[in-house]
Amino acid sequence: MLAHNPDIAQRLDDIADLLELEDANPFRVRAYRNAARVIRGLGAEVAVMLKRGDDLSELPGIGKDLADKIQTIVRTGHLPLLDQLRKATPAIAAELLKLPGLGPKRVKTLYHELDVHTLEQLHRALLDGRIRALPGFGSITEERLRQALETHAAAPSRLKLALAESYVEPLLAWLRDTPHAETVAAAGSYRRCQETVGDIDILVTAPRAAPVVKRFTEYEEVEKIAARGNTRATVVLKSGLQVDLRVVPPRSYGSALHYFTGSKAHNIAIRRLGQRRGLKINEYGVFRKGRRVGGKTEAEVYRAVGLPYIPPELRENRGEIEAAAAGQLPTLVKLADLRGDLHVHTVATDGHNTLTEMARAAHERGFEYLAITEHSKRIAMAHGFDSRHLLKQIEEIDRFNATSPRITILKGIEVDILEDGKLDLPDATLGHLDLVVASVHSHFHFSRDKQTGRILRAMERPHFTVFAHPTGRLIGEREPYDVDMPRIIGAAKDRGCFIELNAHPERLDLIDAHCRMAKEVGVLVSIATDAHRTEELGNLRFGVFQARRGWLEKADVLNTRSLAALRPLLARTMR
DNA sequence: GCCGTTTTCGGCCCGACTGTTTTCAGTCG
């Protein structure tokens with residue numbers, strides 16, 4: 001069996017969990033977690049790297065031992081250390097570790113002192129009052145555990161970035177109205193533009209903290225105040241979103257923003273660099289022998305450790321620090337680099353606006369071109385097009401382009417990839433178009449081989465241009481179908497076609513690691529909204545965020561091309 | 001387990017908070 005990067009990373013994380021429970025050296029535990037993160041974010045498949053003879057120990061945080069272990073996983077699908085740890089550690093222990101307030105020490109106490117082997121047994125121990133009698137436990141811990149157990153089934157929900165934005169921006173505006181507040185900024189995973197965020201960190205600089213904390217807790221959306229101190233507070237909004245506020249003096253702004261933006265792994269790596277230079281870096285500043293030497297801006301923090309500024313989207317310690325040190329940071333793609341959108345629908349199928357309305361809205365956003373890509377007939381619920389309808393729309397677009405010089409509409413289709421890998425419309429019809437976007441909307445349950453084979457067959461069709469929302473996932477709602485993305489990306493390279501990064505906030509389908517993979521292989525990515533109404537054209541920014549997390553530069557993105565440069569690229573696929 | 005312009009051994013980010021405890025271990029971010 002061939003292990004893929006996420007499988008390898010999962011095994012390394014499992015080892016870290018189990019080692020933690022064994023009271024192993026915490027730095028050893030961290031080494032496994034680091035390695036898992038590095039593998040997860042890699043722009044290439046480890047299996048492929050090994051085949052071409054790459055030395056894994058050259059990767060940051062991976063030495064000879066871990067390189068050997070990873071190789072064993074790829075070769076055999078197993079790792080003796082993990083099997084052995086699993087035998088020695090009860091399954092419940094890893095489960096308990098995830099509960100708030102429980103670390104390795106308390107988990108061990110529960111297991112050994114109270115014989116807790118299931119969550120049910122934990123529950124009973126809580127009811128019997130046996131928990132609070134344990135050394136190191138008390139009535140507050142007992143209550144916390146009780147609550148955690150109640151909500152355990154309803155897994156901790158993370159909020160999609162777009163939804164978080166709708167809660168965060170009004171709150172930031174509210175805080176900006178605080179008298180004497182200077183800078184108000186969201187940090188954390190929100191600033192790093194992760195797909196989903198667990199909670200929100202807000203940083204404010206002000207000469208006095210108290211008025212800011214007061215105004216924060218008085219926000220009308222606040223459901224409950226979870227904590228409130230002199231310079232910080234935590235609230236839960238009515239939406240259930242937890243928000244942490246920290247107020248720092250202006251001279252600490254850069255180091256505080258850096259610290260609260262994270263990621264944790266990135267911060268650790270940066271502080272370590274500082275340490276080697278005799279610096280201490282914390283949220284209040286950069287210090288040498290107790291004397292402040294920087295921290296007003298983030299750039300100062302990076303400069304102190306000899307690095308250029310690293311954009312928040314890259315801060316995962318997945319190679320960005322090494323790239324920065326080598327002067328090889330990517331110049332990340334920006335929203336303003338995009339010249340058009342290559343995947344939208346209109347009212348002719350399941351959209352809500354007319355072709356003219358979509359075109360006008362696209363023009364107002366500064367687009368040079370817009371591809372209309374309706375569903376094909378297989379998607380009957382969406383009134384998908386057959387050949388006749390498509391040819392009719394082609395005429396309509398020709399008429400539009402002849403009379404509207406301000407924006408060019410490209411003739412396209414979102415054609416369904418059928419069960420057997422055929423396309424839902426005949427080649428003769430597709431040949432009339434400027435581009436063919438193809439996607440999977442059925443048979444999500446196929447095995448990896450079967451699903452991948454189906455897509456590869458579709459890709460071989462003469463007019464296949466862009467593979468849209470490549471894994472079909474809906475964040476938090478539908479798992480991706482099982483598909484061998486490295487193979488798909490490789491085939492796209494051979495075939496000269498493109499992969500979509502669907503910018504819909506619920507899809508964001510290409511994940512960051514696959515963006516990096518596409519870049520590495522040299523496959524251009526189309527960042528597209530899949531808009532069904534004019535307002536959704538604005539979702540393009542979420543696609544750009546995701547692309548930036550995937551290290552993409554302007555040149556790596558298909559639709560940063562001018563129309564003149566785009567046409568020959570599309571034409572090549574329409575052979 | 002990783003790593004090296006003080007090092008191939010002996011370090012490993014740093015601070016705050018919480019709950020439980022009488023001075024601090026454990027947890028968290």
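Every chain is numbered from 1 and lettered A, B, ... according to where its sequence line falls, protein lines coming before strand lines. Please read these numbers as outputs of a predicted model, since none were measured by experiment.
Contacts of A/Lys69 with the nucleic acid, taken as non-hydrogen atoms under 4.0 Å apart, involve only primed sugar atoms and P, OP1 or OP2. Residue contacts for A/Pro104: at a heavy-atom cut-off of 4.0 Å it reaches the sugar-phosphate backbone alone, with no base atom in range. Residue contacts shown for A/Asn25 include a base, since a base heavy atom lies under 4.0 Å away. When heavy atoms are screened at a 4.0 angstrom cut-off, A/Gly136 is found touching the sugar-phosphate backbone but no base atom. Within the 4.0 angstrom heavy-atom criterion, only backbone atoms of the sugar-phosphate kind lie near A/Lys105; the bases stay farther away. Across all strands, A/Phe260 comes closer than 4.0 Å to no nucleic acid atom at all (heavy-atom distances). Counting non-hydrogen atoms under 4.0 angstrom, A/Ile268 reaches a base of the nucleic acid. Contacts of A/Arg106 with the nucleic acid, taken as non-hydrogen atoms under 4.0 Å apart, involve only primed sugar atoms and P, OP1 or OP2. Within 4.0 Å (heavy atoms only), A/Ile281 reaches sugar-phosphate atoms of the nucleic acid but no base atom.
For the C1' atoms, the distance linking B/dC17 with B/dT23 amounts to 16 Å, nearest Å. Nucleotides B/dA25 and B/dT21 are separated by 10 Å at their C1' atoms, to the nearest Å. B/dG29 and B/dC13 are spaced 12 Å apart, taking the C1' atom of each and rounding to whole Å. Here, B/dT6 and B/dA16 have their C1' atoms 31 Å apart, quoted to the whole Å.
The closest side-chain heavy-atom distance from A/Tyr167 to A/Leu159 is below 4.5 Å. Side-chain contact between A/Gln275 and A/Lys280 is absent, with no heavy-atom pair separated by less than 4.5 Å.
With hydrogens and angles ignored, the 3.5 Å screen pairs a side-chain donor or acceptor of A/Asn5 with a backbone N or O of A/Val46. Under a 3.5 Å cut-off, the side chain of A/His117 and the backbone N or O of A/Asp115 do form a donor-acceptor pair.
Sequence order on DNA chain B of the closest nucleotides to A/Arg246 and A/Gly138 puts A/Gly138 first from the 5' end. For the pair A/Pro135 and A/Leu97, nearest-nucleotide mapping onto DNA chain B gives the more 5' position to A/Pro135.
Here the two rings, on A/His504 and A/Phe542, have centers that are 6.0 Å apart or farther.
No side-chain donor from either of A/Arg271 and A/His266 sits under 3.5 Å from a side-chain acceptor of the other.
Look at B/dT22: its glycosidic torsion is beyond 90° from 0, and that puts it in the anti range.
Reading DNA chain B from its 5' end, the first and the last nucleotide to sit under 4.0 Å from a heavy atom of chain A are B/dG1 to B/dG29.
For the side chain to side chain donor-acceptor pair (under 3.5 Å) criterion with A/Glu316, the lone passing option out of A/Arg37, A/Arg40, A/Lys264, A/Arg192 is A/Arg192.
In this structure, B/dT8 forms no base pair with any nucleotide, since neither Watson-Crick nor G-U wobble geometry is met with both distances under 3.5 Å.
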